[in-house]
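The structure displayed is predicted, hence computed values, not measured ones.
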Amino acid sequence: MADAIFEDPRLAAVYDALDPDRSDLEVYASIAVDELGARSVLDIGCGTGTFALLLADRGIEVIGVDPAEASVDVARGKTGADRVRWHVGETDALPPIAVDAAFMTANVAQVFLGEAAWRGVLEAARERLRPGGTLVLESRRPERQAWLGWTPEATRQLVEVPHEGPVEDWIEVTHVDAADPEGTLVTFVSPTVFHRDGRRVDSVSTLRFRTRAAIERSLAAAGLELVDVRDAPDRPGREWVYLARRPTPAG
């Protein structure tokens, strides 16, 4: 089940307003178009559809999948949404497709906490790539401990949302589990307060910060060939971007 921040209809409706700067997605659109020459893309964890619609604007056939129905409903209501095929559910439940590329942007790769779920989404992505197709994902580097900056003092904001009035939110880390050397688990609460009527919704999330070595092993175990690992342009030194290809059968 998706976190409340994505699944609660009222939270999903203000998600874009509270996080309006998605310039980081331009990098991935360029990878899809200019580097991979992709004509079809699977957007895993598409959320409110910002990346899927960015790709569709560039003439790419896009399939967006996300388990949070409320977020996908927001995506479906956006201009140009009819150019994207939207699916509510997990990647392994998608019908058979063969896309040129699959993407997991933002924190999508880190929401799969257990090894079975992580292996499952990687295998599902591989099965839906055409031979030679590429999976692109990003993941924060655990050694940089990004969560140390996730404090109410550093993250609190008050945003005027057209249909809601003032909306306040912030992030507060509640637990860090570094017992597993291959991936630190970080749990945090994201309260959202709607000042119009005083309603407060607390969304609790956990992310797994896997090491680079662990991710590379996972990709190989899922039958994907690592092509490149590069520094994330929008968060240099803090995040890796992985490109892994579905092998082309010999002959």
Between Trp150 and Phe209, how do the two ring planes meet: parallel, tilted or perpendicular, split at 30° and 60°?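 Rings of Trp150 and Phe209: tilted, as their planes differ by 30° to 60°.
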Measure the spacing between [atom1] of [X] and [atom2] of [Y] and express it to the nearest 0.5 Å.
{"X": "Ser139", "Y": "Leu207", "atom1": "OG", "atom2": "CG", "answer": "9.0 Å"}
{"X": "Ser203", "Y": "Leu11", "atom1": "OG", "atom2": "CG", "answer": "6.5 Å"}
{"X": "Leu36", "Y": "Thr134", "atom1": "CG", "atom2": "OG1", "answer": "5.0 Å"}
{"X": "Leu129", "Y": "Leu224", "atom1": "CG", "atom2": "CG", "answer": "7.0 Å"}
{"X": "Thr192", "Y": "Arg200", "atom1": "OG1", "atom2": "CZ", "answer": "9.0 Å"}
{"X": "Thr174", "Y": "Asp202", "atom1": "OG1", "atom2": "CG", "answer": "10.5 Å"}

Evaluate the side-chain proximity of [Y] to [X]: yes if any heavy-atom separation is below 4.5 Å, no if none is.
{"X": "Thr206", "Y": "Leu185", "result": "yes"}
{"X": "Val229", "Y": "Leu243", "result": "no"}
{"X": "Glu127", "Y": "Asp92", "result": "no"}
{"X": "Arg141", "Y": "Trp240", "result": "yes"}
{"X": "His175", "Y": "Val173", "result": "no"}
{"X": "Leu53", "Y": "Val84", "result": "yes"}
{"X": "Met104", "Y": "Asp43", "result": "no"}
{"X": "Arg126", "Y": "Leu135", "result": "no"}

Restricting to non-hydrogen atoms, name the atom on [X] and the atom on [Y] that form the minimum distance, rounded to 0.1 Å.
{"X": "Asp234", "Y": "Pro236", "answer": "C-CD, 3.5 Å"}
{"X": "Ala125", "Y": "Thr91", "answer": "N-CG2, 4.4 Å"}
{"X": "Pro181", "Y": "Thr211", "answer": "O-CG2, 3.3 Å"}
{"X": "Glu160", "Y": "Gly165", "answer": "OE2-CA, 3.4 Å"}
{"X": "Ala154", "Y": "Gly149", "answer": "CB-O, 3.5 Å"}
{"X": "Val161", "Y": "Ala17", "answer": "CG2-CB, 3.9 Å"}

Side chain [X], main chain [Y], donor-acceptor under 3.5 Å:
{"X": "Asp100", "Y": "Ser40", "result": "yes"}
{"X": "Asp21", "Y": "Ser23", "result": "yes"}
{"X": "Trp86", "Y": "Ala81", "result": "yes"}
{"X": "Arg130", "Y": "Ile97", "result": "no"}
{"X": "Thr155", "Y": "Ile171", "result": "yes"}
{"X": "Glu138", "Y": "Ala106", "result": "yes"}
{"X": "Asp66", "Y": "Gly47", "result": "yes"}
{"X": "Arg235", "Y": "Ala232", "result": "no"}

Could you please spell out the steps behind the side-chain contact (heavy atoms from CB on, under 4.5 Å) verdict for Trp147 and Thr184? CA-CA 11 Å; Trp147 57 86; Thr184 301; 3.9 Å; yes
Do [X] and [Y] belong to the same hydrophobic cluster, where Ile, Leu, Val, Met, Phe, Trp and Tyr are linked whenever their side-chain heavy atoms lie under 4.5 Å apart, directly or via other members?
{"X": "Val65", "Y": "Val99", "result": "yes"}
{"X": "Val41", "Y": "Tyr28", "result": "yes"}
{"X": "Phe103", "Y": "Leu25", "result": "yes"}
{"X": "Val241", "Y": "Leu226", "result": "no"}
{"X": "Val186", "Y": "Leu113", "result": "no"}

Evaluate side-chain contact (heavy atoms from CB on, under 4.5 Å) for Gln110 paired with Trp118, printing each intermediate quantity in order. CA-CA 9 Å; Gln110 295 183 237; Trp118 176 230; over 6 Å; no
Are any of the side-chain nitrogens in [X] or [Y] under 4.0 Å away from the carboxylate oxygens of its partner?
{"X": "Asp231", "Y": "Arg238", "value": "no"}
{"X": "Arg196", "Y": "Glu164", "value": "yes"}
{"X": "Glu168", "Y": "Arg199", "value": "no"}
{"X": "Glu225", "Y": "Arg246", "value": "no"}

Counting neighbours of OH on Tyr15 that are heavy atoms of other residues, nucleotides or ligands and sit closer than 6.0 Å, is the number greater than 12? no
Partners of Arg210 by salt bridge (charged side-chain N to carboxylate O under 4.0 Å, His left out), sequence neighbours excluded?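 For Arg210 the salt bridge (charged side-chain N to carboxylate O under 4.0 Å, His left out) partners, ignoring immediate neighbours, are Glu115.
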Run the salt bridge (charged side-chain N to carboxylate O under 4.0 Å, His left out) test against Asp197 and tell me which residues pass, sequence neighbours left out. Arg10
Should Leu219 and Tyr242 be marked as a side-chain contact (heavy atoms from CB on, under 4.5 Å) after you check the CA-CA gap, both sets of side-chain angles, and the distance that decides it? CA-CA 9 Å; Leu219 292 168; Tyr242 301 81; 4.3 Å; yes
Can a side-chain donor-acceptor contact be found between Trp170 and Ser190 if the only test is distance below 3.5 angstrom?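 The answer is no; no qualifying pair exists.
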Between Val121 and Glu90, does the side-chain contact (heavy atoms from CB on, under 4.5 Å) criterion hold? Intermediate values first, please. CA-CA 8 Å; Val121 72; Glu90 302 295 340; over 6 Å; no
Criterion salt bridge (charged side-chain N to carboxylate O under 4.0 Å, His left out) against Glu61, the qualifying member of Arg83, Arg85, Arg39: Arg85
Side chains of residues 67-78: which donor-acceptor pairs under 3.5 Å do they make with residues two or more places apart or in other chains?
| residue | atom | partner | partner atom | Å |
| --- | --- | --- | --- | --- |
| Ser71 | OG | Phe6 | O | 2.7 |
| Lys78 | NZ | Asp16 | OD2 | 2.7 |
| Lys78 | NZ | Thr48 | O | 2.8 |

